[in-house]
Amino acid sequence: MPKIVIRQSRTQSVRIVDGMRILRTDEARFEGLPDYPFLPNFQEVESGLRMHFVDEGPANGAPVIMLHGEPTWSYLYRHMIPVVAGAGHRVLAPDLIGFGKSDKPAALSDYSYDNHLRWLSRWLETLDIRGATLVCQNWGSLLGLRLAADNPDRFNRIIVGNGMLPTGDTRVSTTFKVWKAFASHSPWFPVSKMVQLGTERTLTKRELAAYEAPFPRDEFKGGARAFPALLPTSHTDVSSAANREAWRKLEKWRKPFITCFSSGDPITRGVDRQMQRRIPGAHGQPHMTLPGGHFLQEDSPNSFARVIIDALKQEMAA
């Protein structure tokens with residue numbers, strides 16, 4: 001049995017599990033968030049480490065998994081969840097470990113590409129989700145595309161918005177190198193300002209505060225700080241070979257694969273067309289370009305939700 005020590009304060013609890021320091025944001029920080037009325041659900045993905053997820057809509061509805069990325073959490077999908085659930089589907093939106101209401105290992109070294117995939121896989125397997133539609137964006141795509149490639153029997157389709165699966169075989173931009181260094185070394189890491197930079201509409205003060213809610217102090221931001229360094233930038237990186245293997249599987253993927261990118265995202269511009277060419281299931285699909293910035297869930301939530309609902313209607317008709 002792992003050794004677990006719990007220390008609590010008004011704003012957090014700290015758990016020491018087999019030497020790993022795990023932080024847990026107090027639920028009070030999430031009270032009264034705008035447009036986020038969802039009841040919390042938790043699943044332990046390894047001993048002493050729990051993942052939070054939203055679970056809305058009928059339990060027997062077609063499952064739709066919405067994966068967020070950097071540095072957001074399931075709050076990003078708050079406008080889409082009720083629309084898709086209201087159409088009769090079961091919407092599951094997990095907070096990745098280190099984000100949202102999920103537990104947050106304190107050390108950056110506790111986070112790795114493989115750890116994130118292992119935690120997500122255990123969540124998926126424990127809930128025994130099958131026949132799912134994967135909706136993913138940003139780092140949710142880096143994890144989600146690997147997850148679907150490794151578990152094809154659990155997914156019926158993939159919808160990618162402003163996302164990719166890099167292998168490290170192409171050069172990264174100077175902008176990304178600067179961002180990576182900033183995330184690792186800057187004493188200032190303003191989560192809400194980063195979300196606003198990737199969103200064309202002006203977020204309200206309460207919305208900005210909601211993106212800050214999971215992080216009462218900088219030590220809670222280990223997951224967000226670690227993500228940029230996990231992206232493979234060389235073919236010799238740890239995750240590069242595994243991502244290339246995932247691409248070999250995706251190049252045989254014949255289930256529906258839909259891209260829904262935004263018009264104003266310089267980070268992923270053109271990647272949608274690359275995926276459309278390489279993945280057989282993308283051929284003949286109703287690919288969309290929606291108005292908005294990197295976080296199209298904030299700029300075009302209803303249109304993005306409609307893409308999901310229409311894709312599921314096609315399956316029901318078939």
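- Val83 and Leu76 fall within a single hydrophobic cluster, where Ile, Leu, Val, Met, Phe, Trp and Tyr side chains are chained together by heavy-atom contacts under 4.5 Å.
- With salt bridges taken as basic N to acidic carboxylate O contacts below 4.0 Å, one links Arg306 and Asp310.
- When the side chains of ILVMFWY residues are joined at heavy-atom separations under 4.5 Å, either directly or via intervening members, Leu23 and Leu108 end up in two distinct hydrophobic clusters.
- The aromatic ring centres of Phe99 and Phe220 sit 6.0 Å or more apart.
- Annotation: side chain to side chain contact (heavy atoms under 4.5 Å, CB included) contacts of Met194 (sequence neighbours excluded): Pro71, Trp179, Phe182, Phe189, Pro190.
- Between Arg24 and Asp103, at least one side-chain N (NZ, or NE/NH1/NH2) sits under 4.0 Å from a carboxylate O, which counts as a salt bridge.
- A salt bridge between Glu298 and Arg78 is present, with a side-chain N of the basic residue lying under 4.0 Å from a carboxylate O of the acidic one.
- Between the side chains of Thr25 and Lys104, at least one donor N or O sits under 3.5 Å from an acceptor N or O.
- Residue Lys252 qualifies as open at atom NZ: its count of foreign heavy atoms under 6.0 Å is 12 or below.
- By the neighbour-count criterion of 12 heavy atoms within 6.0 Å, atom NZ of Lys249 is densely surrounded, having more than that number from other residues, nucleotides or ligands.
- One side chain, Thr167 or Asp169, offers a donor N or O that lies under 3.5 Å from an acceptor on the other.
- Aromatic ring pairs are classed by plane angle as parallel below 30°, tilted from 30° to 60° and perpendicular above 60°; the pair His116 and Phe227 is tilted.
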Quick one: do Arg50 and Gln43 satisfy side chain to side chain contact (heavy atoms under 4.5 Å, CB included)? Show the steps, please.
-> CA-CA 5 Å; Arg50 70 180 194 178; Gln43 176 63 54; over 6 Å; no

Working for side chain to side chain contact (heavy atoms under 4.5 Å, CB included), residues Leu124 and Trp119 = CA-CA 9 Å; Leu124 184 72; Trp119 295 326; over 6 Å; no

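- Checked by atom type, the side-chain pair Tyr36/Ser74 shows a donor-acceptor distance below 3.5 Å.
- No side-chain donor-acceptor contact under 3.5 Å links His235 and Ser240.
- The same ILVMFWY cluster, assembled from side-chain heavy atoms under 4.5 Å apart, contains both Trp188 and Leu208.
- In this structure, Arg254 places its CZ atom where only 12 or fewer heavy-atom neighbours from other residues, nucleotides or ligands lie under 6.0 Å away.
- Not counting sequence neighbours, the partners of Phe42 by the ring pair (Phe, Tyr, Trp, His ring centres under 6.0 Å) test are His52.
- A donor-acceptor contact under 3.5 angstrom links the side chains of Asn138 and His294, judged on distance only.
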For the pair Arg130 and Asp153, evaluate side chain to side chain contact (heavy atoms under 4.5 Å, CB included) and give the outcome as yes or no after the intermediate values.
-> CA-CA 7 Å; Arg130 296 183 183 276; Asp153 58 317; 3.3 Å; yes

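- A salt bridge links Arg21 and Glu219; the closest N-O separation between the charged side-chain nitrogens and carboxylate oxygens is under 4.0 Å.
- Taking the ring axis of Tyr113 as reference, the NZ or CZ atom of Arg146 stays within 45° of it and closer than 6.0 Å to the ring centre.
- For residues 256-284, every residue pair satisfying the salt bridge (charged side-chain N to carboxylate O under 4.0 Å, His left out) rule, not counting sequence neighbours, is listed here: Glu251-Arg278.
- Residue Trp123 is grouped with residue Val17 when hydrophobic side chains (ILVMFWY) are merged at heavy-atom distances under 4.5 angstrom, including chains of intermediate members.
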